[in-house]
Amino acid sequence: MFLGGVPPESDKPAGIWYSAAMNSTTPWTAARLRGLKGREKIVSLTAYDFATARLLDESGVHLVLVGDSLGMTVLGYENTLPVTMLDMLHHTAAVARGVRHALVVADMPFMSYQISIPHALANAARFLKVGAHAVKIEGGELRVPLIRALVENGIPVLGHIGLTPQSVQEFGGYKVQGRTPAAVAALLRDARAIAKAGVFAIVVEGVPPAVAGKITAAVKVPTIGIGAGPQCDGQVLVIHDLLGLGGDWKPKFVKRYAELGVAAQAAIAAFKRDVAAGTFPGPEHCY
Ligand code: KIV
């Protein structure tokens, strides 16, 4: 288990993304992550609790995103719209307690940043006060004044364009974006505008790979793709999807690296059998 410092060879999890930079004990900052463009792929996953955050941090993940996907993965909502500031603050604080090296980014929930710039600044500051290092906001050109205000006030911002889930009602579902030349041009305008306004990186979600490639080439900051193909400067996934904890449905862009849901069901069934048969607890579990 890597608890800080340079992990010995034997402690490096096989197949996980170690590099000279990742072995560094220096915590990741928004500025350092921005500097990875063209040098090293950015690895990001979501976390909503202390234990998962610690696992990600110990595995060398660069950026831990406390996504508002919390609404579906943990709170059981149908989409991200009901998620509140209090939900996000509670889970961001737990994640921050589990992270020593990664950059912790808190997703600003629906209507916490759209009402006015002072309202958004006050909300964003609350995330930094509970341990986040940066915030994520959805949207393109429209968000330029807000991004400028956040960055000027010392709050690093991760942008998010393409299939932005807080616009699910406007999109009429989770539909791939950037399907027409006009839509691609708008995405490129959005990416350039928010990069110029000061985001340190941009999540690009739900667009064809060639479109993500164009966006990636058009901006100096790294792009982090989800459902956007391999041409981005990094990738992010929802941890529940990666671990097989999200139920049976699997979106096309997800690769399941484990089936923990199936394993958990088997373990719970075995416990139930043991309790019913009186074989748990055994003598070795008794004081
Ligand atoms: O809420 C979320 O998890 C996200 C993604 C980019 C993974 O916004």
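Start at 1 with the first residue, then count along the sequence. Given the structure is predicted, the values throughout are model-derived calculations rather than measurements.
Side-chain atoms of Thr80 and Met72, non-hydrogen and from C-beta on, do get closer than 4.5 Å to each other. The closest side-chain heavy-atom distance from Val275 to Lys272 is not below 4.5 Å. Residues Thr84 and Met88 have side chains not in contact (no heavy-atom distance under 4.5 Å, counting atoms from C-beta outward). Residues Pro165 and Glu205 are in side-chain contact: their nearest non-hydrogen atoms beyond the backbone lie under 4.5 Å apart. In this structure the side chain of Val151 reaches within 4.5 angstrom of the side chain of Val157, judged on heavy atoms. Side-chain contact between Pro109 and Met85 is present, with heavy atoms from C-beta onward closer than 4.5 Å. Contact of the His62 side chain with the Ser44 side chain is not registered, since no non-hydrogen atoms from C-beta on lie closer than 4.5 Å. Counting heavy atoms from C-beta on, the side chains of Leu86 and Arg126 come closer than 4.5 Å.
The hydrophobic clustering, which links ILVMFWY residues whose side-chain heavy atoms are closer than 4.5 Å, places Val99 and Val238 together. Val203 and Phe110 fall into different hydrophobic clusters, where Ile, Leu, Val, Met, Phe, Trp and Tyr residues are linked whenever their side-chain heavy atoms come under 4.5 Å apart, directly or through other members. A continuous path of hydrophobic side-chain contacts links Leu65 to Val74 [ILVMFWY only; heavy atoms under 4.5 Å]. Leu243 and Val254 fall within the same hydrophobic cluster, defined by Ile, Leu, Val, Met, Phe, Trp and Tyr side-chain heavy atoms under 4.5 Å apart, directly or through other members. By the criterion of side-chain heavy atoms lying less than 4.5 angstrom apart, applied directly or through intervening Ile, Leu, Val, Met, Phe, Trp or Tyr residues, Val61 is grouped together with Tyr257 in one hydrophobic cluster.
When all heavy atoms of Gly178 and Val184 are compared, the pair lying nearest together is O-CG2, 3.5 Å. Val95 approaches Ala47 most closely through the heavy-atom pair CG2-O, 3.5 Å. In plain terms, the two heavy atoms of Ala120 and Tyr113 that are nearest each other are CB-CA, 3.6 Å. Closest non-hydrogen pair, Val105 versus Val135, comes out as CG1-C, 3.7 Å. The shortest heavy-atom contact between Asp248 and Arg256 is O-NH2, 3.7 Å. Scanning all heavy atoms of the two residues, the minimum distance from Gly140 to Ile194 falls at O-CG2, 3.4 Å.
Counted within 6.0 Å of NZ on Lys37, heavy atoms from surrounding residues, nucleotides or ligands total more than 12; the atom is thus considered enclosed. Atom NZ of Lys250 sits in a crowded spot, with more than 12 heavy atoms from other residues, nucleotides or ligands closer than 6.0 Å. In Phe271, the CZ atom is not crowded: 12 or fewer heavy atoms of neighbouring residues, nucleotides or ligands sit closer than 6.0 Å.
Side-chain N/O atoms of Thr92 and Tyr48 include no donor and acceptor closer than 3.5 Å. Using modelled atom types and a 3.5 Å distance limit, the side chains of Ser69 and Thr46 yield no donor-acceptor pair.
Contact check on Lys136 versus Asp107 returns a salt bridge, with a Lys/Arg side-chain nitrogen under 4.0 Å from an Asp/Glu carboxylate oxygen.
Judged by distance alone, the side chain of His285 and the main-chain N or O of Gly282 form a donor-acceptor pair under 3.5 Å. The closest donor-acceptor contact from the side chain of Asp57 to the backbone of Ala53 lies at 3.5 Å or more, if one exists at all. Here the side chain of Gln177 pairs a donor or acceptor atom with the backbone of Lys175 at under 3.5 angstrom. No donor-acceptor pair under 3.5 Å is formed between the side chain of Arg97 and the backbone N or O of Arg54. Of the possible polar contacts, one joining the His133 side chain to the Val104 backbone as a donor-acceptor pair under 3.5 Å is found. Remark: the backbone N or O of Met111 is paired with a side-chain donor or acceptor of Gln114 at under 3.5 angstrom. For the pair Ser167 (side chain) and Glu170 (backbone), a donor-acceptor distance under 3.5 Å is absent.
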List the steps, then state whether side chain to side chain contact (heavy atoms under 4.5 Å, CB included) holds for Asp68 with Leu70. CA-CA 5 Å; Asp68 61 355; Leu70 164 80; 5.6 Å; no
Would Ile161 and Ile215 satisfy side chain to side chain contact (heavy atoms under 4.5 Å, CB included), going step by step from the backbone distance to the final call? CA-CA 10 Å; Ile161 61 169; Ile215 295 170; 4.2 Å; yes
Kindly indicate, with the supporting measurements, whether the criterion side chain to side chain contact (heavy atoms under 4.5 Å, CB included) is fulfilled by Leu150 and Leu121. CA-CA 6 Å; Leu150 289 164; Leu121 277 174; 3.8 Å; yes
Begin with the C-alpha distance, continue with both residues' side-chain angles, and end with the deciding distance and a verdict on side chain to side chain contact (heavy atoms under 4.5 Å, CB included) for Gln169 and Leu81. CA-CA 10 Å; Gln169 302 297 354; Leu81 303 185; 3.8 Å; yes
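Interatomic distance, CD of Gln166 versus CG of Asn79, reported as 10.0 Å (0.5 Å rounding). Going from atom CG of Asp49 over to atom NE2 of His90 covers 10.0 Å, rounded to the nearest 0.5 Å. The CD atom of Gln235 sits 9.5 Å away from the CD1 atom of Ile224 when rounded to the nearest 0.5 Å. Annotation: the span from Glu138 atom CD to Thr164 atom OG1 amounts to 5.0 Å, rounded to 0.5 Å. Taking CG from Asp233 and CZ from Arg34, the interatomic distance works out to 11.5 Å, rounded to the nearest 0.5 Å. In this structure, CE on Met108 lies 6.0 Å from CZ on Phe127, to the nearest 0.5 angstrom.
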